[in-house]
Structures are given as C-alpha cells and as structure tokens.
Amino acid sequence: MEPEARKKLEETTRWDPAEAESRIFAGWLDGGYFHPEATGTAEENYSVSIPPPNVTGVLHMGHALNGSMQDALVRMNRMAGRNTLWLLGTDHAGIATQAVVEKGLREEGRDRHEMGRDAFIERVWEWKELYGARIRDQYQRLGASCDYERERFTLDEGYARAVRRVFVSLFEKGYIYRDNYMVNWDPGSRSAISDLEVENREETDTLYSIDYPVEGVDRVLTVATVRPETMLADTAVAVNPADERYADLVGQHCILPLVGRRIPIIADEHVDVEFGTGALKITPGHDVNDFEIGRRHGLEEITVIGEDGRMNAEAGEAYEGLTVAEAQEAVVEALRQEGVLSAEEPYTHSVPFSHRSGERIEPLISLQWFCRMDELAAPAIEAVEQDRVKITPEQWKRVYLDWMNEIRPWCVSRQLWWGHRIPVWYRGDEVYVGESDPEGEGWVQDEDVLDTWFSSAIWPFATLGWPDDTPDLRAFYPTDFLTTAREILFLWVARMIMTGIEFAGDVPFDDVYVHSVIQARDGRRMSKSLGTGIDPLEEIDRHGADALRFGLLAMSSTQDVRYSDAKVQQGRDLANKLWNASRLILLNASDPGERVPPAEPALPEDRWILSRLESTIAEVTELLDRYDFSHAAQALYGFVFADLCDWYLEIVKPRLYDGDQAASTVLLWTLERTLALVHPVMPFVTEEIWSYHPYRDGQLVIHPFPEAIGDRIDPGLEAEFGRAIELTRQLRGWRDQAGVPPRVILSAVPPGDEPVPEFVGRLSRVEQAESGGDPIATVSGFGILASGEIDEEALRERLSQRRTKLEAELAKVAGKLGNAGFVENAPPEVVAEEREREAEIRAELAELG
RNA sequence: GGGCGCGUAGCUCAGCGGUAGAGCGCUCGCUUCACACGCGAGAGGUCGCUGGUUCGAACCCAGCCGCGCCCACCA
C-alpha cells in the first residue's frame with residue numbers, strides 16, 4: 001500500500017460518507033459502467049426501467065425505497081456479468097404538473113388563459129428542466145446506477161411519436177372512440193378524470209325527502225336525495241317493477257316541484273324497494289346510475305351544472321350562476337316554501353373526490369375519448385394467470401386478476417394543456433386521425449390531451465426506441481423486473497402489460513414486486529400536506545446513502561411499515577463496522593503478492609469463517625432472488641457483526657499481528673468476497689474500501705459477484721464452532737455474575753474429555769490452571785479455581801437464580817417426555833432432541849450442586 | 001356491500017406446527033493496541049380474546065374484539 005493511502009487508512013477511524021460519496025459516484029460515471037452497449041439479447045441481458053418519477057417535485061421516501069431495491073438487483077446482475085441497463089426517466093404527469101405551475105402563476109397574479117397555450121407550455125417546460133435535473137441529481141445521491149445517458153421523458157419527441165402511433169393504432173382497431181358519456185368531472189382541474197383517479201371518502205350529508213305530486217290524482221311520490229339541487233335536471237321517477245305499492249303508477253307522470261316539468265314514472269330493476277319510500281328521482285345528467293337508467297329508458301338528459309361547477313341557464317333564472325352548494329341551499333329553501341320537503345336527516349355515505357385536486361367530483365355528461373379495454377385485457381389476464389408476469393407477493397395476483405376481469409372503458413382525454421395532444425383533427429364534419437398533421441387547409445386539432453397514464457403505459461418499450469426496431473429494443477426488451485407501490489398496480493402496471501403484449505409483442509417484464517408503503521414514524525401516511533414526510537436527502541446528509549439504502553431495505557416488508565430511524569442507524573453502524581474491520585485487516589495483513597484463494601486451511605477457525613462466508617453468500621443470493629430484501633440486509637449485518645467481527649477477527653488477531661500468512665490470506669479473501677456481496681446494498685463504503693485492497697484490479701462496481709462455493713460450507717464444523725462460542729459466552733457470563741473484574745484472569749481446570757479451542761480461554765479471560773486444584777464452581781465442565789476476586793455473595797445469588805430457571809425447564813421437558821402421546825406420535829428426532837435437552841439440564845444442575 | 005392484511009419484549013418489526021427472535025431503548029461492567037457509530041454481560045413477552053384440531057399451536061380452523069388498506073353506481 002502507498003504510504004499516503006496507509007496514512008489515510010490509519011487516521012480515518014470513522015466512515016465519513018459525506019466526504020466520499022460524490023467522489024465515488026463520479027468515478028463510476030467516468031468508468032461508463034452504467035451505460036451498456038446495446039448488444040446481446042434481452043434473454044441474456046438484464047434490464048429494468050425505472051418507474052418514472054413525476055417532474056412535479058423531488059425524490060421522496062417511496063422513490064428512495066424503490067430505487068434501493070432496483071439498484072440492489074441491478075448492481076448484483078451487473079456484477080454477475082450480465083449486460084445490464086437500468087433506464088432512467090421522468091413522467092410529465094399532466095394534471096399534477098399543470099396544477100403546480102398554475103399555482104405558481106396565480107401567485108404572480110396571472111393565469112394560463114391570459115398567457116395562451118403556447119406560452120403556458122413553454123413555462124411548464126422550464127419547470128420540467130429544473131425539476132427533471134433535480135431528480136436526476138437526487139438519484140445519483142442515492143447511488144442509483146442508472147444509465148444517465150439514456151434518460152428519457154414521456155414528452156420527448158420520439159416518445160410522443162410512439163404515443164401517437166399507439167393512439168392511431170387503437171383507433172383503427174376500433175378500441176378508441178369518441179362519445180358523449182358520463183364522466184368524473186373534476187371541477188378543480190376542469191377536466192374529466194378516469195375512475196382510477198377518483199377517491200371515495202365517507203361524508204355525512206343531509207338526506208332530503210321531497211314530495212313529487214302525481215299528475216291527476218291526489219297522491220305524492222316521496223323521493224330521497226342528498227343532492228336536491230340536481231332535481232332541476234330530473235327527467236323521471238323510478239320504482240322497482242316488483243313493487244306493488246306503485247304498480248298502478250308506472251306509466252303515469254309526476255309534476256316536478258319548482259320546475260313544473262311533467263316527468264314519467266318508470267319501472268327499473270335498479271331501484272331498491274327497501275330504501276326510503278322505494279321511489280327514486282332520476283337525473284340522467286348528473287348521476288352515474290341515473291345516467292344508465294336514463295339510457296335504458298330513453299330519457300331526456302338535462303344538464304344544469306356546468307364544467308365550472310356552477311348552475312347554468314338550464315337550471316333556471318333563480319339558480320343560474322350559483323355554485324352547487326349555493327344552489328342546494330336555495331333549492332331546499334324553495335322546497336320548504338312549497339311545503340314539499342317532508343323530511344331531513346343526516347346521512348353518511350361515500351362520496352367521490354378528485355385524487356389530484358381534492359375537489360368533489362361532479363358527474364357530468366361530456367364529449368370525451370374512450371378506450372375499450374376488454375380486448376387488450378384478455379391476453380394480459382392470461383399472461384399473469386400463467387405467471388409469464390409473476391407478481392410477488394402472490395396475493396396481488398388475485399387483486400390484479402379481479403380488477404382486470406371487471407375492466408371498464410377508460411376515459412383517455414383530459415381538458416388540459418400539458419400533455420400529449422390528441423392526434424385528431426376536425427374540419428366541419430370531417431375527422432382525421434393520424435400520426436402527423438393532415439394535408440390541406442382548415443383542419444383544427446382536438447384541444448384535449450391524453451391521460452398521463454396513456455403515455456406511461458408504453459414506458460418499457462417507448463423508452464427503448466419503439467416503434468422503430470432499435471438495437472436497444474432488441475437488447476433490452478422485455479425488461480426483467482419492476483417494483484411498484486400497489487396503488488399504481490392498475491393505474492400503470494396493468495396497462496403496461498396490456499400495451500406491451502399489444503404493441504411490443506411480449507410482456508414488458510417477467511417479475512413485478514409490490515413493495516410496502518413506508519409510513520411516517522407515527523403510522524400516518526407520509527405526505528407533504530400533512531407535514532409527515534421524511535426527506536430522503538436529509539437522511540443521506542445525516543447518515544450517508546449506504547445507511548439509508550440499508551435501512552430502507554431492512555425495514556421493508558410485504559406489509560406496510562413505519563419509518564424506522566433505528567434501521568437507518570443500523571445501516572450507518574454497518575458501514576462503519578465494515579470500514580473499521582477493513583482497516584484492521586488491510587493495515588495488518590501481509591500481502592501474499594498475488595491474489596490467492598486460501599488453500600484448504602489447517603485451522604478450524606479459518607475453515608469456520610470460510611464456511612460462514614459461503615453460507616452467507618448462498619443465503620443472501622437466494623433472498624435477493626426472492627426479493628426478500630429485508631432478510632438479505634439482516635443476513636449481511638449478522639455476518640459482518642457477529643461472525644466476522646465479534647468472533648473471527650477476535651480469534652485471529654494474534655496471528656494477524658504475528659504476520660501469519662495463512663490468516664492474512666483467509667482475511668483478504670474473506671474481505672474481498674464480503675465487499676462484493678455487500679456492494680449491491682451499500683455501494684459506496686464497499687467501493688471505497690476496495691480501493692485499498694491489495695487484490696484490487698478495477699472498481700468493485702464491476703467486480704464479479706461472489707457465487708457460493710458449496711464445498712467450503714461445512715454445517716458440522718459450524719455446529720461444533722457454535723458450541724465453542726456458546727462455551728465462551730457461558731464463561732463470560734459466569735464471571736460477570738460472579739463479580740469478577742474484566743482485568744482479572746481466572747484459573748480453571750478444563751474439561752478432560754475433549755480439547756477446548758484456545759480462543760475460548762483467551763476471549764473469556766480464563767487460563768488453564770498449572771496444576772489441579774479444588775474448583776469452587778463448575779461452568780460447562782470448567783472447574784473454576786478459587787480467587788479473591790470472586791464475589792461469593794453474587795455468585796450464590798446467580799447460582800440460585802440459574803437453578804430455579806433450569807428446574808422450571810426440566811419440569812417442562814420431563815412433562816413432555818412423560819407424555820405417552822408425545823413419545824409415540826412425535827417424530828423420533830424430536831423425541832431424541834428432548835431427551836438430549838433433558839440430559840443437558842440435568843448435567844448442568846449437577847454441576848451447580 | 002365485497003376483498004385483502006395486521007394485532008408477538010417499552011418501540012419498530014421477524015418468526016407462521018416441535019426449547020419465543022432481531023435492531024433500537026433499558027440495566028450493569030469495560031478508554032481490551034479496528035471501531036464508544038465500539039466491546040462484554042443482563043433484565044424484559046399469559047405471542048388481541050374465546051373455542052376447536054393435534055402428542056404438541058404464536059403458527060392450522062371457527063367465532064369475536066380492535067386497527068389499516070383496496071375495490072364497489074343504493075338514492
């Protein structure tokens with residue numbers, strides 16, 4: 001080692017991520033390791049496309065978790081020698097981005113209409129440049145090994161062409177059509193939104209009962225509604241056809257109060273006989289069910305609420321211009337005046353709200369573009385049923401299939417400016433649908449844009465150059481792995497599977513892992529508006545990216561979990577431990593001059609650590625293959641802290657200081673493999689340590705990932721060593737409880753039957769007595785000789801406690817063995833274990849005297 | 001209204017048919033020549049409740065009590 005490097009290693013007693021991380025990351029970028037060539041086949045290559053973050057903001061904890069998982073797998077596969085691509089990009093996020101930019105405008109006292117469409121879009125692009133770059137920087141802070149040279153954006157020119165191709169193709173197939181239909185109108189964004197962007201909340205409203213007089217007779221039909229203002233658009237009253245109470249009225253008419261309109265009384269199965277009076281007012285223009293009923297019966301569709309959320313002229317002079325809430329108040333008052341309001345009671349029900357703007361959804365009939373999904377869904381259902389796309393954890397497969405089997409048409413048009421303009425042009429009655437502008441004069445393009453998810457649905461192949469047959473597409477599609485939050489399983493994952501099969505000829509990925517949601521420390525959602533968010537960048541500043549990555553993986557699970565500072569600290573501790581263990585090894589090991597794997601070692605401790613190392617490699621690899629990140633992280637931690645540092649390094653220290661070549665060889669080898677094994681989870685600290693390793697022949701980021709060497713795994717030896725470790729613990733525990741100060745070395749007569757490893761005595765500070773003596777106590781066969789340092793009082797106390805505990809256990813074991821049912825029915829090895837256990841307890845009790 | 005999941009040590013979570021585990025926190029002791037972001041030793045659980053299956057249940061089954069999420073067009 002260069003003297004300068006040695007000096008730095010000697011002096012740096014703590015891993016300092018702030019100093020090292022950006023330097024290390026720059027080294028990776030310089031090496032070009034994240035930018036694969038488009039060679040080989042998708043089958044042999046490994047690729048992942050990042051779930052593109054919205055350009056609306058900054059990296060949050062969900063991205064950090066998601067990114068840590070992807071990077072762990074990507075790095076592992078890259079190290080394993082596969083041509084690996086992790087494609088980075090961002091999503092234009094139509095509504096969300098437009099909303100934040102509009103908010104900024106409002107603060108300047110401006111609005112988009114005054115600016116005009118082109119100027120507004122230019123303004124959003126400025127925003128995009130700013131935030132897109134920020135997101136890229138933040139992924140780099142996390143250590144994400146994305147291909148930063150292949151970065152894509154869902155509004156790139158090439159991407160836009162792919163979107164148009166998809167739209168036109170679906171149109172030509174007859175899946176996409178334009179229709180006047182009831183949509184979820186979001187008054188906040190002044191746009192239609194899809195069913196998936198609607199969130200239902202429990203609300204307590206007032207349920208009003210209104211008497212509708214029947215024409216020509218002295219009877220009323222009482223209907224119940226939570227939205228009396230919509231009565232202005234009523235065009236029928238419905239009853240259940242089986243409801244005898246009203247059988248004679250079907251076909252008759254009511255007179256709509258306030259309005260005076262004559263509306264038919266119809267019979268429809270949808271009406272619930274049990275609810276209220278069993279009569280239902282029908283408002284086809286403003287209620288989803290009523291709309292369906294209206295279409296079934298050919299009812300008139302009247303619209304009284306406009307897209308601005310205010311009453312229109314159809315509502316009548318008294319109400320025009322009022323907000324819905326004001327209109328409700330006015331209508332109720334008018335009904336009261338007329339004496340037709342027969343009841344008011346509180347009523348709790350679920351009410352739709354816009355996921356984006358938070359405003360209450362106004363169901364409206366509107367001219368929109370829709371996409372029929374059945375044909376696209378069928379092969380996507382089959383793909384998941386057959387596990388060609390394998391969903392983990394498995395319960396989400398069912399959820400996906402249930403949803404897909406009930407799939408409904410998708411409203412794909414949005415009344416926004418920021419997004420992919422719908423590739424449809426109109427000229428009088430003519431309609432042109434095409435990938436590029438129509439020939440001729442006078443064409444006007446549809447004003448609307450496509451739902452953001454329409455473009456993200458084609459992300460895995462559009463980012464690789466589709467519709468062209470590009471080298472990237474051939475080398476990296478289909479991708480291998482997708483990790484996602486469950487909330488976008490339908491919104492995004494399902495749609496990618498559908499478009500992948502339809503347009504790219506294959507499923508977009510083999511595996512989908514649905515990860516947990518990290519909640520705030522108090523169990524609430526992490527959310528900016530609640531102020532419960534924890535900023536991953538701040539955590540990186542505090543503890544380092546390795547610590548955060550480890551922490552997130554360790555706390556992740558198949559269920560939702562609360563953010564755990566302790567796990568991040570555990571990661572920080574692990575980085576530091578690795579750093580310091582490496583210092584010990586690298587500063588003291590004698591360099592064999594060339595990279596040599598240890599020969600079959602003579603000493604059991606050497607064979608033991610090599611066995612533990614290979615066992616850990618096998619275990620971690622298997623866990624990562626199963627996407628069990630949390631247990632993988634714990635296994636790494638356990639190996640480094642317990643096996644390597646607490647035991648092996650302590651055992652081997654004297655040999656290391658003596659320049660023992662065998663010990664050095666084992667240590668350098670073990671360190672090399674450990675660094676490579678840990679690298680996918682904690683890339684920075686491992687890369688840095690590797691730069692000091694004598695075997696270094698390039699950066700760790702492309703160092704071969706260790707494959708477990710089965711021959712070195714020796715379960716028998718591990719068990720035997722486990723006993724020696726346990727023995728050491730017993731002796732330490734005994735002396736602690738006997739009040740023996742740590743400095744004191746006790747004398748003891750070792751058990752005669754089999755040799756005890758040297759380290760047991762050394763690490764427990766118990767030395768073999770020169771000559772026999774009269775032991776005052778026996779600990780696992782060791783006869784401890786008297787010493788003035790033993791606190792007899794404490795010892796007696798300890799003995800009696802131990803005895804009580806053992807006796808209780810003995811009673812339990814004996815009870816089991818005394819049970820004929822157990823001895824006869826339990827597997828023989830279980831019975832044998834219990835017998836052994838009984839013997840052990842009896843032996844220890846005998847030792848205690 | 002359907003569906004899914006969760007209730008295990010003070011906290012956050014593993015374990016999911018054969019002696020209750022981890023990390024943090026807590027107690028005691030250590031400036032032991034890699035690391036105090038450390039080392040050693042401990043204390044601490046009737047595994048939500050009630051039944052059932054089993055030689056044996058935290059783990060399987062049924063019911064109940066709490067909590068969370070997803071889906072759903074009863075005004």
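First the proteins, then the strands, lettered A, B, ... as listed; each starts at 1.
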[N] [atom2] sits how many Å from [X] [atom1], rounded?
{"X": "A:His349", "N": "B:A72", "atom1": "NE2", "atom2": "C1'", "value": "15 Å"}
{"X": "A:Arg583", "N": "B:C33", "atom1": "CZ", "atom2": "P", "value": "13 Å"}
{"X": "A:Leu489", "N": "B:C69", "atom1": "CG", "atom2": "P", "value": "18 Å"}
{"X": "A:Asp573", "N": "B:A36", "atom1": "CG", "atom2": "C1'", "value": "11 Å"}
{"X": "A:Leu763", "N": "B:C30", "atom1": "CG", "atom2": "P", "value": "20 Å"}
{"X": "A:Asp565", "N": "B:C37", "atom1": "CG", "atom2": "C1'", "value": "15 Å"}
{"X": "A:Lys653", "N": "B:U32", "atom1": "NZ", "atom2": "P", "value": "11 Å"}
{"X": "A:Glu789", "N": "B:C30", "atom1": "CD", "atom2": "P", "value": "13 Å"}

Indicate the ring-plane relationship of [X] and [Y], choosing parallel, tilted or perpendicular according to the 30° and 60° boundaries.
{"X": "A:Phe291", "Y": "A:Tyr181", "answer": "perpendicular"}
{"X": "A:Tyr637", "Y": "A:Phe550", "answer": "tilted"}
{"X": "A:Tyr692", "Y": "A:Trp579", "answer": "perpendicular"}

Can you tell me how far [atom1] in [N] sits from the matching atom in [M], rounded to whole Å?
{"N": "B:C11", "M": "B:C65", "atom1": "C1'", "value": "24 Å"}
{"N": "B:G23", "M": "B:G17", "atom1": "C1'", "value": "27 Å"}
{"N": "B:C70", "M": "B:G63", "atom1": "P", "value": "25 Å"}
{"N": "B:G25", "M": "B:G44", "atom1": "C1'", "value": "11 Å"}
{"N": "B:C24", "M": "B:A62", "atom1": "P", "value": "39 Å"}
{"N": "B:U32", "M": "B:G68", "atom1": "C1'", "value": "50 Å"}
{"N": "B:G48", "M": "B:A43", "atom1": "C1'", "value": "25 Å"}
{"N": "B:G10", "M": "B:G2", "atom1": "P", "value": "37 Å"}

Categorize [X] for me: base, sugar-phosphate, or nothing, with a 4.0 angstrom heavy-atom threshold over every strand shown.
{"X": "A:Ser557", "value": "sugar-phosphate"}
{"X": "A:Arg14", "value": "base"}
{"X": "A:Tyr347", "value": "sugar-phosphate"}
{"X": "A:Arg572", "value": "base"}
{"X": "A:Asn819", "value": "sugar-phosphate"}
{"X": "A:Arg521", "value": "nothing"}
{"X": "A:Val561", "value": "sugar-phosphate"}
{"X": "A:Glu650", "value": "base"}
{"X": "A:Arg743", "value": "sugar-phosphate"}
{"X": "A:Val823", "value": "nothing"}
{"X": "A:Pro827", "value": "base"}

Side chain of [X] only, please: which of [options] is the nearest?
{"X": "A:Asp646", "options": "B:C39, B:A14, B:G42", "value": "B:C39"}
{"X": "A:Gln395", "options": "B:G23, B:G5, B:A72", "value": "B:G5"}
{"X": "A:Phe641", "options": "B:C39, B:G23, B:C30", "value": "B:C39"}
{"X": "A:Lys812", "options": "B:U19, B:C28, B:C55", "value": "B:U19"}
{"X": "A:His631", "options": "B:G23, B:A14, B:A72", "value": "B:A14"}
{"X": "A:Arg486", "options": "B:C55, B:C69, B:A41", "value": "B:C69"}
{"X": "A:Lys567", "options": "B:U12, B:C55, B:C24", "value": "B:U12"}
{"X": "A:Gln559", "options": "B:A41, B:U19, B:A14", "value": "B:A14"}
{"X": "A:Asn289", "options": "B:G42, B:C73, B:C55", "value": "B:C73"}
{"X": "A:Val288", "options": "B:C39, B:C73, B:G18", "value": "B:C73"}

(Q) Taking A:Glu836 first and then A:Arg842, would you say they form a salt bridge - that is, a charged N and a carboxylate O separated by under 4.0 Å? (A) no

**Q.** Any side-chain donor near an acceptor of the partner, A:Asp268 and A:Asn240, under 3.5 Å
**A.**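 Per modelled atom types, A:Asp268 and A:Asn240 side chains form no pair under 3.5 Å.
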
**Q.** Side-chain donor-acceptor contact under 3.5 Å, A:Ser194 with A:Glu197
**A.** yes

**Q.** Aromatic A:Tyr563 / basic A:Arg521 pairing, under 6.0 angstrom, 45° off normal
**A.**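 The answer is no; the distance or angle limit is not met.
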
Counting only Watson-Crick or G-U wobble pairs whose two distances fall under 3.5 Å, which nucleotide matches [N]?
{"N": "B:G1", "value": "B:C71"}
{"N": "B:G7", "value": "B:C65"}
{"N": "B:C26", "value": "B:G42"}
{"N": "B:C37", "value": "none"}

Q: Please report the C-alpha distance between A:Asp560 and A:Arg486 in whole Å, then the side-chain angles of each, then the deciding distance to 0.1 Å, and finally whether the salt bridge (Lys or Arg N to Asp or Glu O under 4.0 Å) criterion is met.
A: CA-CA 11 Å; A:Asp560 291 353; A:Arg486 59 172 175 264; 2.8 Å; yes

(Q) Just checking A:His355 against A:Phe353, ring centres under 6.0 Å apart? (A) no

